[in-house]
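Please read the structure below before turning to the comments.
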There are 2 protein chains.
Amino acid sequence: MLTKKTKYGLKAMAYLAGIEPGQTALVADIAAVNQIPKKFLDAILSELRNAGFVYSKKGKGGGYMLARGAGEITVGDLVRTLDGPLAPIQCASKRLYRKCDDCDEARCTVRLVMLKARDAIADVLDNTTLEQMRGLGQIPIDAVSESAGAAMDMARG
Amino acid sequence: MLTKKTKYGLKAMAYLAGIEPGQTALVADIAAVNQIPKKFLDAILSELRNAGFVYSKKGKGGGYMLARGAGEITVGDLVRTLDGPLAPIQCASKRLYRKCDDCDEARCTVRLVMLKARDAIADVLDNTTLEQMRGLGQIPIDAVSESAGAAMDMARG
DNA sequence: CGAGTTGTCTAGAGATTTTGTAGAATGAGT
DNA sequence: ACTCATTCTACAAAATCTCTAGACAACTCG
């Protein structure tokens, strides 16, 4: 399960993807609209800024904006930044791999299953950009929940 | 990320799936072979027992065995029992759904993405049985007799 | 029956992570 | 100067995770 921090971060990024390009949004506004504690969101956006996803400007007329186009930021990368590896267990992670100390890796069947789970998760999250995520809000719900594959194709298209 | 508890539980179940049908395994042996703290494993197996996945017998000659065939127990159900929902966020869960309080569900794009992630995860874990998981670990025989074989022999006493 | 074996249950300790808050500092604009 | 808004450091309550202790209950064997 993702932490609230990650969920808040994704919602904030979706918000930023929705404002006019070149405009900035205030933390206070993002927090109010999405029901996120303001100070907590401060820290989250700060982290996203250090990771290069958003650009910030202080003072009057300041605020946050995306550092790149919404079509060039994937949900997968945001989740990795805020929540850590996509894989269910770290020894099954590809980008944030770390050896686990309680089993022999080559023969650990749990790891082999989780490797497949990781690929399935990454296939969804790494192929969904902020722009596509926003687009999901305009699709009738039953079309999304009905078939993951069909929805994916739509999102990719 | 899954907790260690879940990982331990899966490893223990894989172990039980590997012994002769009708035989029991001691907690102490499962713990030793898989490097799991014995008392912790006690609690985990107890939970799996309450959930109906394993059968236990007290006293001399006792121990644990699978309550059903290894082909009838899915990794997904084990993970749900030990770790909770498969979905990255609970409002995107199907079997363990719970409303989230910080957003309007129908329009929450984060939820819609995580619904697809959930489907992808469930597609892997619900379609992988303990038997299939064990199959993933099939390796050359000479490699087995080395350390795993010795450990197994030790475990069977 | 009695002794040894093995799982069961309750309780909780210790560590870590999560979810925030407070308040001063920094930089930008007017 | 003054205000606005992000940034930084520090902290703390709450929840969760990981693991242990110890008494207890059920079982087998002789």
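For the numbers below, each heavy atom of this structure counts, side chains included, while hydrogens, waters and symmetry mates do not. To find a chain, count down the sequence lines: A is the first, B the second, and so on, and within it residues start at 1.
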Exercise. Return the set of residues passing side chain to side chain contact (heavy atoms under 4.5 Å, CB included) with B:Asp104 (not counting sequence neighbours), or none when no residue passes.
Key: B:Ala106, B:Arg107
Practice problem: To the nearest Å, give me how far apart CG (A:Leu82) and C1' (C:dT18) are. | Solution: 14 Å
Quiz item: Taking 4.0 angstrom as the limit, do A:Asp119 and A:Lys94 come out as a salt bridge?
Solution: yes
Quiz item: What is the distance from CD of A:Glu47 to P of D:dT9, rounded to the nearest Å?
Solution: 14 Å
Quiz item: Does the pair B:Arg111 and B:Glu105 meet the rule for a salt bridge (Lys or Arg N to Asp or Glu O under 4.0 Å), with working shown?
Solution: CA-CA 7 Å; B:Arg111 177 170 164 274; B:Glu105 188 146 305; 3.7 Å; yes
Exercise. Decide yes or no on side-chain hydrogen bond (donor to acceptor under 3.5 Å, both in side chains) for A:Arg134 and B:Thr109, but give the supporting numbers first.
Key: CA-CA 6 Å; A:Arg134 252 177 63 75; B:Thr109 57; over 6 Å; no
Quiz item: Which nucleotide, D:dT6, D:dC27, C:dG7, lies nearest any side-chain atom of B:Lys57?
Solution: D:dC27
Practice problem: Grab the NZ-C1' distance between A:Lys4 and D:dA13 for me, whole Å please. | Solution: 15 Å
Exercise. Report the residue (A:Thr6 or A:Gly61) whose heavy-atom-nearest nucleotide on DNA chain C is the more 5′ of the two.
Key: A:Thr6
Self-check item: Short side-chain N/O contact from B:Ser46 to OP1 or OP2 of C:dG7, under 4.0 Å
Solution: no
Quiz item: To the nearest angstrom, how far is B:Tyr55 atom OH from C:dT6 atom C1'?
Solution: 13 Å
Quiz prompt | Length of the line joining B:Asp83:CG and D:dC17:C1', which is rounded to integer Å | solution = 11 Å
Quiz item: Should A:Tyr8 be listed as having a side-chain N or O under 4.0 Å from OP1 or OP2 of C:dT19?
Solution: no
Practice problem: Let me know the distance between NZ of A:Lys58 and P of D:dC2, rounded to the nearest Å. | Solution: 21 Å
Quiz item: Can we say B:Asp126 and B:Arg95 salt-bridge, meaning some charged N sits less than 4.0 Å from an Asp/Glu carboxylate O?
Solution: yes
Quiz prompt | Nearest listed nucleotide, side chain of A:Tyr64, among C:dG29, C:dG7, D:dT7 | solution = D:dT7
Self-check item: Pair of N/O donor and acceptor under 3.5 Å linking C:dG23 base with A:Lys39 side chain
Solution: yes
Quiz item: Can you tell me how far P of D:dG22 sits from CZ of B:Phe40, to the nearest Å?
Solution: 19 Å
Quiz prompt | Distance, rounded to the nearest Å, where A:Asp42 contributes CG and C:dT26 contributes P | solution = 17 Å
Practice problem: Describe the nucleic acid contact of B:Leu45 in one word from base, sugar-phosphate, nothing, applying a heavy-atom distance below 4.0 Å. | Solution: nothing
Quiz item: Quick one: is B:Thr3 getting a side-chain N or O under 4.0 Å of the D:dT16 phosphate, OP1 or OP2?
Solution: no
Quiz item: Under 4.0 Å between a side-chain N or O of A:Arg49 and OP1 or OP2 of D:dT7?
Solution: yes
Quiz item: For the side chain of A:Lys5, counting heavy atoms from C-beta on, which of C:dT19, D:dC4, D:dC19 is nearest?
Solution: C:dT19
